[in-house]
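What follows is a set of notes on a single structure, which appears directly below.
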Amino acid sequence: MSTHTWHRKTLLAQIGIHTDPTYGSVSPPIYPTVTFQHGPEGLGPFDYSRTDNPTRAALANALTVLEGGAGSSLFSSGMAAIQAVAATLSQGDHVVLTEDVYGGTYRLFEDTFSKFGVATTYVNTRNLSQVRAAMRPTTRLVFIESPSNPLLQISDIKAIAEIAHEFGALLAVDNTFMTFIRQRPLHLGADLVVYSATKYLGGHNDVLAGAVIARDPEVAESIATIANACGGVLSPLDSWLLMRGLKTLALRFDQQEATARRIAQFLDKHPRVVRVYYPDLGSNADTWLHQRQAEGPGAMVSFQLPMDLDPAKFSARLQCVLPAVSLGGVESLLTHPYTETHRELPEALRLALGIRPGLMRLSVGIEHTEDILRDLETALAI
Ligand SMILES: *Cc1c(COP(=O)(O)O)cnc(C)c1O
């Protein structure tokens with residue numbers, strides 16, 4: 001039976017099997033070695049673990065299949081993965097990015113790559129004419145998130161890929177919020193998918209990791225070359241932890257999303273909540289577009305507290321949901337984007353984007369729905 005017809009759930013459950021021909025261990029072996037002995041014929045398939053390692057390779061192969069790409073590279077964090085994508089650029093190149101891009105991505109381009117002469121333009125990528133107007137003859141990369149963070153705004157991946165290609169640029173999609181379980185940007189025309197694998201892919205708030213998956217073998221090779229040259233690669237032990245986490249990704253995501261749907265509906269009806277941001281709430285153009293390009297709304301819910309409810313007091317009253325940055329793990333976490341994840345963005349830009357002091361971002365975990373709902377209800381009753 002060909003594995004090509006298998007569902008992603010099956011592929012996930014079986015990640016890393018058949019990687020131990022010696023003993024047939026079901027759990028993939030961890031190779032905590034830096035170097036590999038040369039045989040009588042010279043080099044084997046592995047030489048030095050910065051370049052490649054069997055445990056990391058097992059994970060990379062699985063991700064390539066799951067995402068539908070030509071090759072993957074694994075990094076020690078999501079930012080190291082995004083850095084590798086940025087490092088494909090040269091001095092004088094220009095990048096167009098989603099204006100409410102992850103704060104760390106903004107910082108990477110503005111504080112670091114600007115020093116190497118990489119120019120940037122931030123636009124509202126929901127608006128295709130803004131994307132088109134921002135393109136220059138030197139634009140080599142368009143970098144988007146859909147849904148975006150923290151307002152879960154939807155950008156048309158297929159249409160933006162077409163614009164990027166028309167101008168000879170590549171499209172990279174940060175797919176951290178959706179994962180390949182719900183959205184596969186490479187199938188929609190994107191050239192690169194990047195992940196903070198720290199989030200849903202790992203899923204347990206215990207491993208920091210990043211990934212880049214490329215549609216074209218040559219692009220995949222250039223990312224692998226940069227990974228080897230810059231060196232921020234994923235360790236064998238962390239590669240194994242990530243594979244272990246990935247096995248339950250589909251189950252976790254189904255549960256987290258089902259709970260998130262109920263929480264979004266609850267918050268939407270709550271008189272103390274000013275506004276709720278969730279991809280399948282209401283029937284606007286964003287909802288329709290998201291449903292066309294993704295297979296579910298995901299498990300991130302953002303909401304606006306009223307002016308008279310202090311976000312710090314609200315957070316302090318929660319007992320089940322933990323106030324902490326990060327997302328995608330089995331524990332529900334509540335973030336305050338204005339002072340945490342998006343503090344890197346200039347104040348005026350934050351406010352213009354709708355990242356106001358009362359905005360909260362909830363990453364829904366796998367706790368019982370009733371416990372999370374009751375927790376939010378109690379905290380809102382002040
Ligand atoms: C967390 C995050 C990153 C950065 O990943 P790290 O693993 O923390 O380095 C990038 N993009 C998005 C959307 C994220 O949520």
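Indexing begins at 1, ligand by ligand and atom by atom, following the structure's order. Quick caveat: nothing in here was measured; it's all calculated off a predicted structure. All heavy atoms count here, side chains included; hydrogens, waters and symmetry mates do not. Numbers here simply count residues along the sequence, with the first being 1.
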- Message: Tell me whether K199 forms a cation-pi arrangement with Y102, defined as NZ or CZ under 6.0 Å from the six-membered ring centre and within 45 degrees of its axis.
- Response: yes
- What are the two closest heavy atoms between L170 and D191, and how far apart are they? CA-OD2, 3.4 Å
- Item | Heteroatom distance test (N149, ligand 1): nitrogen or oxygen, under 3.5 angstrom | no
- Task: Please report which non-hydrogen protein atom sits nearest to atom 2 (C) of ligand 1, along with the residue it belongs to and the distance in Å to one decimal place.
- Result: K199 NZ, 2.5 Å
- Message: Which of the numbered atoms in ligand 1 are under 4.0 angstrom from any heavy atom belonging to L327?
- Response: 15 (O)
- Message: I'd like the name of whichever of T198, I82, D174 reaches closest to atom 13 (C) of ligand 1 through any heavy atom.
- Response: D174
- Message: Suppose we measure from atom 4 (C) of ligand 1 to each protein heavy atom; which comes out shortest, and what is that distance?
- Response: Y102 CE2, 3.5 Å
- Are any of the N/O atoms in E145 less than 3.5 Å from those in ligand 1? no
- Task: For S77, counting its heavy atoms only, list the atoms of ligand 1 lying under 4.0 Å from any of them.
- Result: 7 (O), 9 (O)
- Face-on cation placement of R252 at Y200 ring, 6.0 Å and 45° thresholds: no
- Pick, from P150, S363, G78, G104, the option with the minimum heavy-atom distance to atom 6 (P) of ligand 1. G78
- Taking the inter-plane angle between the rings of Y195 and F180 on a 0 to 90° scale, is it parallel (under 30°), tilted (30 to 60°) or perpendicular (over 60°)? perpendicular
- Task: Under 4.0 Å from a heavy atom of M79: give me the atoms of ligand 1 that qualify, with their elements.
- Result: 4 (C), 5 (O), 6 (P), 9 (O)
- Under 4.5 Å between side-chain heavy atoms, hopping through other hydrophobics if needed: is there a path connecting Y122 to L108? yes
- For the pair D254 and R182, find out whether any cationic side-chain nitrogen is under 4.0 Å from an anionic carboxylate oxygen. yes
- Taking heavy atoms and a distance under 4.0 Å, where does T105 meet ligand 1: side chain, backbone, both or neither? neither
- Closest heavy-atom pair and its distance - S326, N205: OG-OD1, 4.0 Å
- Query: Between the candidates S196, P147, A197, which shows the shortest non-hydrogen contact distance to atom 8 (O) of ligand 1?
  - Reply: S196
- Mind telling me whether H270 and F266 have parallel, tilted or perpendicular rings, with 30° and 60° as the class edges? perpendicular
